[in-house]
Number of protein chains: 2
Amino acid sequence: MHTVPPQHPQWTVAQFAEQSGIPATTLRYWDDEGLLVADRLVNGHRRYTYGHTARLQMIQMCQALGCTADEIRLILDTPDPAARARYAAEKLPEVLEKIEILRVAATVLRHVAECAHPDAASCGAWMREQLPDDARPAHRPPRRS
Amino acid sequence: MHTVPPQHPQWTVAQFAEQSGIPATTLRYWDDEGLLVADRLVNGHRRYTYGHTARLQMIQMCQALGCTADEIRLILDTPDPAARARYAAEKLPEVLEKIEILRVAATVLRHVAECAHPDAASCGAWMREQLPDDARPAHRPPRRS
DNA sequence: GCACACCTTCGAGCCGACTCGAAGTCAAGC
DNA sequence: GCTTGACTTCGAGTCGGCTCGAAGGTGTGC
């Protein structure tokens with residue numbers, strides 16, 4: 001599987017845009033920003049190869065994680081593996097919590113899709129039971145005046 | 001559990017901000033935008049109650065789902081339960097896919113945190129195997145010129 | 001009755017991530 | 001050699017979601 005294609009094809013920005021589903025304008029923007037730097041022909045035209053598709057996947061995944069462009073560059077381009085490992089270790093719990101929230105959300109959506117509450121707020125009671133602690137208001141009484 | 005507190009306390013915007021972790025400026029903005037509309041005293045000052053904490057949870061969950069303010073208003077305020085149910089049914093697959101992506105991402109992060117690859121792109125090979133189909137470039141060869 | 005903390009509105013500014021338009025370059029085909 | 005179409009850069013605009021600052025109102029304590 002994944003046999004190396006003959007002749008290492010390369011694509012123009014428009015071709016790569018069509019192939020990847022990312023608008024050409026965005027690809028150019030990412031190139032300018034150093035997020036996904038295209039190869040260049042002598043005339044300055046951009047060319048994309050298989051290596052770019054791999055990096056593109058990483059970028060899309062990082063975006064799904066809610067990373068900013070700066071963070072994506074950090075995790076993809078930091079030459080020091082230890083720094084990257086530290087960043088990954090920091091990010092992991094955030095991702096796990098996000099998964100937990102989304103799972104609760106999926107439950108809520110399934111409920112709303114089937115039961116059609118008279119008003120959405122009435123779901124609040126059981127949502128409160130399921131959300132992880134740090135995804136909801138503290139409920140400690142504020143110091144009253 | 002959740003005994004109704006005596007006297008139904010209400011909080012000022014600053015108190016509610018401290019309690020919820022949302023900046024007061026943002027609460028005012030959400031009030032203006034109709035996302036989380038505060039009660040008002042006769043002098044115009046905002047007051048928040050337990051009902052607002054429930055709605056706040058919904059808002060935060062919707063934000064975690066990547067909803068825009070418009071969408072949040074739609075799902076929370078549409079009087080027609082059927083429309084809400086339709087929206088929820090549409091949104092559910094997106095959420096499930098997002099969970100899948102995040103789970104792969106968590107695996108990647110765990111890997112990066114432990115193994116510290118020489119360069120991040122070298123993870124690409126096995127990432128390609130695990131991502132759901134629509135979260136990666138199509139890899140169909142573009143029509144060559 | 002005055003200070004002071006806290007509240008109000010309103011308009012402007014900021015930030016990230018695009019998105020668009022104008023003007024110019026380049027290569028292939030007729 | 002001229003058209004055509006796809007490419008280039010650069011600057012400006014858009015959009016969502018805040019965030020800030022100014023100017024003024026409110027209410028409690030001394």
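FYI, side chains are in, hydrogens and waters are out, and symmetry mates aren't considered; it's all heavy atoms of this structure. Convention: sequence-line order gives letters A, B, ...; per-chain numbering from 1.
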Go through [options] for me and flag the one nearest to the [X] side chain.
X	options	answer
A:H45	D:dT8, C:dC18, C:dT8	D:dT8
A:R40	C:dT8, C:dC18, D:dT8	D:dT8
B:T68	C:dC7, D:dG17, C:dT8	D:dG17

Look at all strands and tell whether [X] reaches a base, only sugar-phosphate, or nothing, counting heavy atoms closer than 4.0 Å.
X	answer
A:R47	nothing
A:E71	nothing
A:R28	base

Legend entry - 5′-ward residue of the pair A:A14/B:T26 relative to DNA chain D: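 Nearest nucleotide further toward 5': that of A:A14.
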d([atom1], [X]; [atom2], [N]) in whole Å:
X	N	atom1	atom2	answer
A:D39	D:dT8	CG	P	12 Å
A:E18	D:dC7	CD	P	11 Å
B:L35	D:dC18	CG	P	8 Å
B:L41	C:dC6	CG	P	16 Å
B:E33	D:dC18	CD	C1'	10 Å
A:Q60	C:dC18	CD	P	11 Å

Inset, instruction - Report the distance from atom CD of A:E94 to atom CG of A:L65, rounding to the nearest 0.5 Å. - result: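 Result: 8.5 Å between the selected atoms.
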Inset, instruction - Kindly compute the distance separating CZ (A:R73) from CD1 (A:I59), expressed to the nearest 0.5 Å. - result: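 That separation rounds to 10.0 Å.
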Legend entry - 5'-most by nearest nucleotide on DNA chain C - A:A69 or A:N43: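 The residue mapped nearer the 5' terminus is A:A69.
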